[in-house]
**Student:** 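What follows is a single structure, and I will ask about it in a moment.
In listed order, ligands and their atoms are each counted from 1.
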Amino acid sequence: MTSPTPLIGVSTSMLKIKELINHVAQTCLNILITGETGVGKEVVAQTLYAESNRSKNNFVKINCAVLPETLLESELYGYEKGAFTGAHKKRYGKFLTADKGVLFLDEIGDMPLSLQSKMLHVLQSGEFSPLGSDQDFKTDVWVIAATNQCLEEKIKNKTFREDLFYRLNIIKIDIPPLRERPEDIPALVEYYFKRYLSQHPKAHAEKPDSQTMARLCSYDWPGNVRQLQNCIKKLMVLNSWDKIFEELPDEASTPETLPSEYTSQAKLAGSATHSPDYLFDSESGNLRMRSISEFVDLSTSSEKLFEDISLKKIKKRASDRAEKDAIVFVLEKVGWNRSKAAKILKVSYKTLLYKMSEFNVNPPVS
Ligand SMILES: Nc1ncnc2c1ncn2[C@@H]1O[C@H](COP(=O)(O)OP(=O)(O)OP(=O)(O)O)[C@@H](O)[C@H]1O
């Protein structure tokens with residue numbers, strides 16, 4: 001069995017979701033997860049299950065959008081032998097296989113009205129009868145439902161029952177689209193880059209540099225995390241970030257909209273990104289996360305990430321980086337004259353030599 005995908009995310013909204021998961025996982029109150037396609041509704045459902053005391057029992061998923069009405073009903077509740085043409089033997093439904101575990105009702109907004117009243121009855125009483133049976137079965141399932149549709153709108157149009165909505169929606173978890181939490185992008189990229197690289201050890205894919213990351217962070221991601229994940233998968237074959245950007249649909253921006261530090265490379269490569277101002281506002285989480293990601297492995301999920309973050313370590317790495325950059329900058333300005341550089345940097349000649357060797361700074365070979 002493959003291990004479940006960890007819920008990656010360091011944005012404020014994802015941290016709030018993780019906290020909520022922590023609070024509700026033990027309560028088994030019905031949960032409705034909403035959000036656009038690919039935002040991670042199933043990952044959130046799996047995380048709830050993993051953190052609950054039902055994790056030893058089954059996690060059973062059913063997609064209400066893909067099955068025709070009669071099939072969906074028999075999948076949910078099971079049937080007796082002879083219940084309908086083709087029912088050659090008795091079959092248990094998902095409500096029984098998920099007993100004491102979790103039943104994940106994906107795309108609940110697509111459940112036909114005719115099945116909604118039966119669903120409401122089971123949720124209220126915990127009882128149901130399979131098709132063709134007059135026997136009632138008791139079941140104890142934790143129902144987690146998900147949808148990318150606006151159920152309130154469907155209630156107005158009379159295509160979704162209001163009473164069922166309130167039954168399912170005891171706790172609501174709304175996952176924002178990726179474009180509203182670009183701070184999560186570096187962490188997701190790190191995680192999937194490592195994961196796919198380990199599956200394609202011969203790939204020559206390069207980790208994104210800061211310009212590439214800026215472009216990734218400023219793209220809209222209409223397909224959300226799934227689209228980002230697929231890009232990284234593709235990178236393992238194409239081995240070129242430029243090709244990935246070229247293939248991104250809806251190129252929204254021009255390199256001119258990127259901050260000057262990024263424009264030269266973006267101009268060369270041609271940009272597939274747009275960059276709303278807030279992304280590069282020094283107050284923004286995005287910029288902050290990008291700079292933290294230089295010193296901390298953000299691909300580790302939640303608890304592990306917090307264990308790994310140490311101010312002392314970050315301070316040392318950041319100050320080493322800054323010192324090295326300053327030394328190289330000054331040395332280049334003074335034509336690699338070390339006594340002049342030591343004077344400008346206000347350190348002794350010996351200290352400068354020591355630092356140059358520590359940071360492996362060497363004059364260019366002419
Ligand atoms: N926060 C996250 N951390 C790690 N992986 C994620 C995260 N969010 C989404 N993914 C990955 O993105 C892909 C899509 O996620 P998921 O299937 O959970 O989305 P969804 O919202 O249920 O989509 P849909 O509405 O289309 O069913 C999955 O492969 C999932 O592993």
**Student:** Please report which non-hydrogen protein atom sits nearest to atom 10 (N) of ligand 1, along with the residue it belongs to and the distance in Å to one decimal place.
**Tutor:**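 For atom 10 (N) of ligand 1, the nearest protein heavy atom is Val225 CG1, 3.3 Å.
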
**Student:** Provide, to 0.1 Å, the distance between atom 25 (O) of ligand 1 and the closest protein heavy atom, together with that atom's residue and name.
**Tutor:**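 Minimum-distance protein heavy atom for atom 25 (O) of ligand 1 reads Lys41 NZ, 2.7 Å.
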
**Student:** May I ask you to list the atoms of ligand 1 that are less than 4.0 angstrom from any heavy atom of Val43?
**Tutor:**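 Those qualifying, in numeric order: 6 (C), 9 (C), 10 (N), 18 (O), 30 (C), 31 (O).
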
**Student:** Report the nearest protein non-hydrogen atom to atom 3 (N) of ligand 1: residue, atom name, distance rounded to 0.1 Å.
**Tutor:**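 The closest one turns out to be Ile8 N, 2.9 Å.
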
**Student:** Return the residue, atom name and 0.1 Å-rounded distance of the protein heavy atom closest to atom 15 (O) of ligand 1.
**Tutor:**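 For this ligand atom, the closest protein heavy atom is Gly40 CA, 3.8 Å.
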
**Student:** Write out the residue and atom name of the closest protein heavy atom to atom 22 (O) of ligand 1, then the distance separating them to 0.1 Å.
**Tutor:**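 Here the nearest protein heavy atom works out to Glu42 N, 3.1 Å.
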
**Student:** In terms of atom number and element, which parts of ligand 1 are under 4.0 angstrom from non-hydrogen atoms of Leu188?
**Tutor:**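 That gives atoms 2 (C), 3 (N), 4 (C) of ligand 1.
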
**Student:** Is the side chain of Thr139 donor-acceptor paired with the backbone N or O of Phe95 at a distance under 3.5 Å, no angle test?
**Tutor:**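 Indeed, once roles are kept as given, a pair shorter than 3.5 Å links the two residues.
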
**Student:** Would you tell me which option among Met14, Lys61, Lys233, Gln229 has the nearest heavy-atom contact to atom 13 (C) of ligand 1?
**Tutor:**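 Going through Met14, Lys61, Lys233, Gln229 one by one, Gln229 has the nearest heavy atom to atom 13 (C) of ligand 1.
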
**Student:** Anything under 30° is parallel, anything over 60° is perpendicular, the rest tilted; go ahead and classify Phe128 against Phe137.
**Tutor:**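 Phe128 vs Phe137 ring planes: parallel.
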
**Student:** Would you call Glu80 and Arg91 a salt bridge, using N to O less than 4.0 angstrom?
**Tutor:**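 Not counted as a salt bridge, because no side-chain N and carboxylate O are separated by less than 4.0 Å.
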
**Student:** Mark up the atoms of ligand 1 that fall under 4.0 Å of a heavy atom belonging to Tyr192, in ascending order.
**Tutor:**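 Every atom of ligand 1 under 4.0 Å from some heavy atom of Tyr192: 4 (C), 5 (N), 6 (C), 10 (N), 11 (C), 30 (C), 31 (O).
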
**Student:** Hey, are the side chains of Pro208 and Val189 touching, using non-hydrogen atoms and a 4.5 Å cut-off?
**Tutor:**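 The answer is yes, as the side chains (C-beta and beyond) meet within the 4.5 Å cut-off.
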
**Student:** How far is atom 23 (O) of ligand 1 from its nearest protein heavy atom, and which residue and atom name does that atom have?
**Tutor:**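 Answer, as residue, atom name and distance: Gly38 N, 2.9 Å.
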
**Student:** Donor-acceptor pair, distance only, cut-off 3.5 Å: does the side chain of Glu107 make one with the backbone of Gln149?
**Tutor:**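 Not confirmed, Glu107 side chain does not pair with Gln149 backbone.
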
**Student:** State whether the side chain of Lys41 and the backbone N or O of Gly35 hold a donor-acceptor pair below 3.5 Å, judged by distance alone.
**Tutor:**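 The answer is yes, because a donor-acceptor pair under 3.5 Å joins these two groups.
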
**Student:** Can you pull out the closest protein heavy atom to atom 14 (C) of ligand 1? Residue, atom name and distance to 0.1 Å, please.
**Tutor:**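 The closest one turns out to be Arg226 NH2, 3.7 Å.
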
**Student:** Please state whether the rings of Trp241 and Phe245 are parallel, tilted or perpendicular, taking 30° and 60° as the class boundaries.
**Tutor:**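 Ring orientation of Trp241 relative to Phe245: tilted.
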
**Student:** When you measure from the centre of the six-membered ring of Tyr79, is the NZ or CZ of Lys90 closer than 6.0 Å and no more than 45° off the axis?
**Tutor:**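 No cation-pi geometry.
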
**Student:** Can you list the ligand 1 atoms lying under 4.0 Å from a non-hydrogen atom of Pro6?
**Tutor:**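 So the atoms of ligand 1 that pass are 3 (N), 4 (C).
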
**Student:** Taking 4.0 angstrom as the limit and counting only heavy atoms of Asp106, give me the atoms of ligand 1 inside it, by number and element.
**Tutor:**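 That gives atoms 27 (O) of ligand 1.
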
**Student:** What is the closest protein heavy atom to atom 26 (O) of ligand 1, and at what distance does it sit?
**Tutor:**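 Sorting protein heavy atoms by distance from atom 26 (O) of ligand 1 puts Thr37 OG1, 2.5 Å first.
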
**Student:** Applying side chain to side chain contact (heavy atoms under 4.5 Å, CB included) between Leu32 and each of Leu105, Ile173, Ile108, Ile171, report the one that passes.
**Tutor:**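 With Leu32 as partner, Leu105, Ile173, Ile108, Ile171 yield a single side chain to side chain contact (heavy atoms under 4.5 Å, CB included), made by Ile108.
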
